[in-house]
Amino acid sequence: MRIAFLGTPDFALPSLEMLIGAEHELCVFTQPDRPAGRHGELTPPPVKVMAEQRGIPVRQFEKIRSAQGVAALRAFAPELMVTAAFGQLLSQENLDIPTYGCVNVHASLLPKYRGAAPIQWAIIEGERVTGVTTMLTELGLDTGDILLFEQTEIGPDETAGELFKRLSALGAKVLKETIERMQNGTLTRAKQDEALASKCRMINKEDGRIDFSQSAQKVHDLVRGANPWPCAYALLDGEPIKIWKTRMTQEPPAGEPGLCAVADPRRGLYVDAGDGLVEILEMQFPGARRMDAKTALLGHPLAGRRLR
RNA sequence: CGCGGGGUAGAGCAGUUGGUAGCUCGUCGGGCUCAUAACCCGGAGGUCGUUGGUUCAAGUCCUUCCCCCGCAA
């Protein structure tokens with residue numbers, strides 16, 4: 001099939017790779033190269049890198065809705081359009097181009113967690129199950145009819161980064177099946193139940209701020225959901241300390257929220273949360289690299305100090 | 001050359017106005033204890049990232065380059 005693939009970051013890679021392997025006639029549309037990294041060097045999006053390596057034509061547009069974007073899509077004349085973490089909104093004009101419409105791969109069990117950062121938010125909100133959904137794109141944000149979905153359990157200590165990898169692979173699998181069934185005519189579509197719908201916003205740095213007056217489970221969920229980005233943190237004397245990994249304990253609370261109840265290079269670092277202690281396993285001081293808490297404690301005496 | 005922080009014993013850090021380096025953990029040896037994430041005594045281990053310079057003297061001041069981290073994007 002002639003497929004226009006619209007995607008940008010790593011999440012889209014397994015899906016793109018699957019399409020390449022299935023020998024569809026592809027053209028990739030992605031975002032322009034952006035300044036990135038320490039020196040602001042112009043960096044191509046991951047999807048572009050893969051496409052070029054595999055000899056797939058690539059087109060980049062600031063806005064696919066623009067006249068040029070629409071013209072380029074029309075010129076390719078796709079039968080199907082596939083989006084996976086594209087990062088741009090499509091117009092009705094865009095959606096009208098492919099004969100079979102547009103399929104979106106979304107990293108949640110729709111209609112829950114519509115929007116920008118479903119993987120992080122699902123973990124932060126303590127979900128135990130999530131998944132991937134393919135849907136027919138329409139103008140609303142992730143509101144189109146559901147085609148297929150597959151669910152998966154979230155591990156109790158799983159991070160957003162780890163889940164991200166699993167869901168991107170699962171996304172490729174569900175997309176493959178979606179296209180196959182579309183081709184052999186066994187695909188069905190189901191309206192989303194608006195009553196069950198929820199929207200999640202984009203996640204930002206501030207969302208990583210830990211509130212130690214919340215339960216230990218909440219703190220742990222935030223740390224997992226914010227890893228690797230934006231990364232959970234707390235302030236020590238006004239300085240942000242990044243918290244990369246934590247572990248739930250059965251220990252009862254020992255003092256005020258955020259208090260470093262135990263801070264010993266041999267025993268580890270235990271901090272008070274609302275209803276018990278959380279062990280901090282990996283952390284990062286300003287200017288330093290990320291390290292396990294016991295090591296960090298060697299040069300940073302924290303006993304009795306308080307994270308806020 | 002977007003802004004800023006940093007490179008000191010195996011590891012994590014400290015080193016005041018320039019005067020041949022300290023702490024914690026680890027490590028090696030010894031001791032104490034029913035026992036210990038405990039404690040005591042002793043030892044080994046550092047060309048202070050790199051280049052050049054200032055100085056009687058530089059981890060500490062200036063300079064070249066390399067690497068790490070944060071912010072911003």
Side-chain angles (χ1 to χ4, degrees), chain A residues 7-13 30-49 58 60-64 85-89 115-117 119-120 159-161 164 201-210 216 222-255 258-272 276-308:
Chain A
T8 305
D10 291 328
F11 181 81
L13 257 30
T30 188
Q31 307 250 25
D33 294 5
R34 306 273 190 211
R38 208 97 57 190
H39 302 291
E41 286 161 24
L42 223 49
T43 307
V47 160
K48 177 185 179 184
V49 174
V58 176
Q60 294 173 279
F61 294 96
E62 197 65 52
K63 286 190 175 178
I64 195 69
F86 180 43
Q88 286 186 30
L89 295 175
I119 300 174
Q120 283 104 320
T159 65
F164 197 93
R201 61 188 170 78
M202 203 174 289
I203 193 164
N204 61 44
K205 266 231 132 48
E206 207 31 50
D207 292 315
R209 177 77 179 271
I210 297 173
L222 175 62
V223 170
R224 296 188 296 133
N227 176 330
W229 199 89
C231 191
Y233 72 96
L235 299 183
L236 180 70
D237 292 335
E239 297 253 55
I241 310 297
K242 291 190 168 194
I243 309 295
W244 287 96
K245 251 182 169 42
T246 49
R247 185 178 69 82
M248 301 284 296
T249 75
Q250 304 304 318
E251 308 297 321
L259 180 75
C260 296
V262 176
D264 181 281
R266 273 179 291 236
R267 287 191 289 170
L269 178 58
Y270 292 78
V271 179
D272 258 299
L277 297 183
V278 173
E279 180 176 10
I280 292 180
L281 299 174
E282 264 182 58
M283 61 198 300
Q284 184 171 18
F285 282 87
R289 68 187 67 210
R290 164 182 180 175
M291 61 187 96
D292 65 273
K294 290 178 181 175
T295 301
L297 249 18
L298 290 172
H300 301 273
L302 293 183
R305 302 184 70 189
R306 201 170 160 196
L307 298 170
R308 293 171 191 278

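Below, chain A is the first sequence line, B the second, and so on; all start at residue 1.
- The interatomic distance linking A:Gln31 (CD) with B:rA73 (P) rounds to 16 Å, in whole Å.
- Looking at heavy-atom distances under 4.0 Å, A:Arg289 makes contact with sugar-phosphate atoms alone, never a base.
- Using a 4.5 Å cut-off on side-chain heavy atoms (C-beta onward), A:Leu269 and A:His300 make no contact.
- Side-chain proximity of A:Ala36 to B:rA73, B:rC71, B:rC25: nearest is B:rA73.
- Side-chain N/O atoms of A:Gln284 include one lying less than 4.0 angstrom from OP1 or OP2 on B:rG70.
- For A:Lys242, whose side chain is taken as the heavy atoms from C-beta onward, the closest listed nucleotide among B:rC39, B:rG70, B:rU24 is B:rG70.
- A gap of 13 Å separates the P atoms of B:rG22 and B:rG43, to the nearest Å.
- For the pair A:Lys245 and A:Glu282, the salt-bridge criterion is not met [side-chain N within less than 4.0 Å of a carboxylate O].
- Base pairing annotation: B:rG2 forms a Watson-Crick or G-U wobble pair with B:rC71, both donor-acceptor distances under 3.5 Å.
- As rounded to the nearest Å, B:rC61 and B:rG19 have C1' atoms that lie 15 Å from one another.
- A gap of 11 Å separates the C1' atoms of B:rC48 and B:rG15, to the nearest Å.
- At a threshold of 4.0 angstrom between heavy atoms, the contacts of A:Gly37 include nucleobase atoms, whether or not backbone atoms are also involved.
- Looking at heavy-atom distances under 4.0 Å, A:Pro286 makes no contact with the nucleic acid at all.
- Residues A:Arg209 and A:Leu235 are in side-chain contact: their nearest non-hydrogen atoms beyond the backbone lie under 4.5 Å apart.
- Residue order along RNA chain B, read from the 5' end via each residue's closest nucleotide, puts A:Gly299 first among A:Gly299 and A:Pro240.
- For A:Thr295, counting side-chain heavy atoms from C-beta on, the closest listed nucleotide (B:rC71, B:rG12, B:rC25) is B:rG12.
- Among the atoms of the strands shown, only primed sugar atoms or phosphate atoms (P, OP1, OP2) are found under 4.0 Å from some heavy atom of A:Ala296.
- Side-chain N/O atoms of A:Lys294 include none lying less than 4.0 angstrom from OP1 or OP2 on B:rG12.
- Using a 4.5 Å heavy-atom threshold, the side chains of A:Met283 and A:Leu307 count as separate.
- Atom pair A:Ile241:CD1 and B:rG5:C1' shows a separation of 13 Å (rounding to whole Å applied).
- Mapping A:Pro230 and A:Asp264 onto RNA chain B via the closest heavy atom, the residue that lands nearer the 5' end is A:Asp264.
- Taking a pair to require two hydrogen-bonding distances under 3.5 Å in either a Watson-Crick or a G-U wobble arrangement, B:rG42 pairs with B:rC28.
- Rounded to the nearest Å, the gap between the P atom of B:rU17 and that of B:rU51 is 27 Å.
- As rounded to the nearest Å, B:rU64 and B:rA21 have P atoms that lie 29 Å from one another.
- Base pairing annotation: B:rA14 forms no Watson-Crick or G-U wobble pair, as no partner gives both donor-acceptor distances under 3.5 Å.
- Here B:rC68 presents its P atom at 9 Å from NE2 of A:His39, a figure rounded to the nearest Å.
- Between A:Met291 atom CE and B:rC13 atom C1' there is a gap of 9 Å when expressed in whole angstrom units.
- Annotation: B:rG49 and B:rC68 have their C1' atoms spaced 11 Å apart (nearest Å).
- With a cut-off of 3.5 Å on both Watson-Crick or G-U wobble distances, the partner of B:rU47 is given as none.
- One cannot find a donor-acceptor pair under 3.5 Å joining the base of B:rG2 and the side-chain atoms of A:Arg38.
- A:Lys205 has its side chain within reach of A:Trp229: a pair of non-hydrogen atoms, C-beta onward, lies under 4.5 Å apart.
- Protein atom CG of A:Asn204 is 12 Å distant from nucleotide atom P of B:rA73, rounded to whole Å.
- Here the separation of B:rC41 from B:rC23, taken at their P atoms, is 13 Å to the nearest Å.
- Closest to the side chain of A:Lys205, from the set B:rC13, B:rA72, B:rA11, is B:rA72.
- Between the C1' atom of B:rG5 and the CD atom of A:Glu239 lies a distance of 10 Å, rounded to the nearest Å.
- The separation between A:Tyr233 atom OH and B:rC71 atom C1' is 13 Å, rounded to whole Å.
- Nucleotide B:rC34 forms no Watson-Crick or G-U wobble pair with any nucleotide shown, as no partner meets the under 3.5 Å limit on both distances.
- Annotation: side chain of A:Leu236 is in contact with side chain of A:Leu302 (closest heavy-atom distance under 4.5 Å).
- Protein atom CG of A:Leu298 is 9 Å distant from nucleotide atom P of B:rC13, rounded to whole Å.
- Between A:Arg34 and A:Glu62 there is a salt bridge, since a side-chain N of the basic residue sits under 4.0 Å from a carboxylate O of the acidic one.
- Rounded to a whole angstrom, the distance from the P atom of B:rU16 to that of B:rU54 is 24 Å.
- Using a 4.5 Å cut-off on side-chain heavy atoms (C-beta onward), A:Tyr233 and A:Ile241 make no contact.
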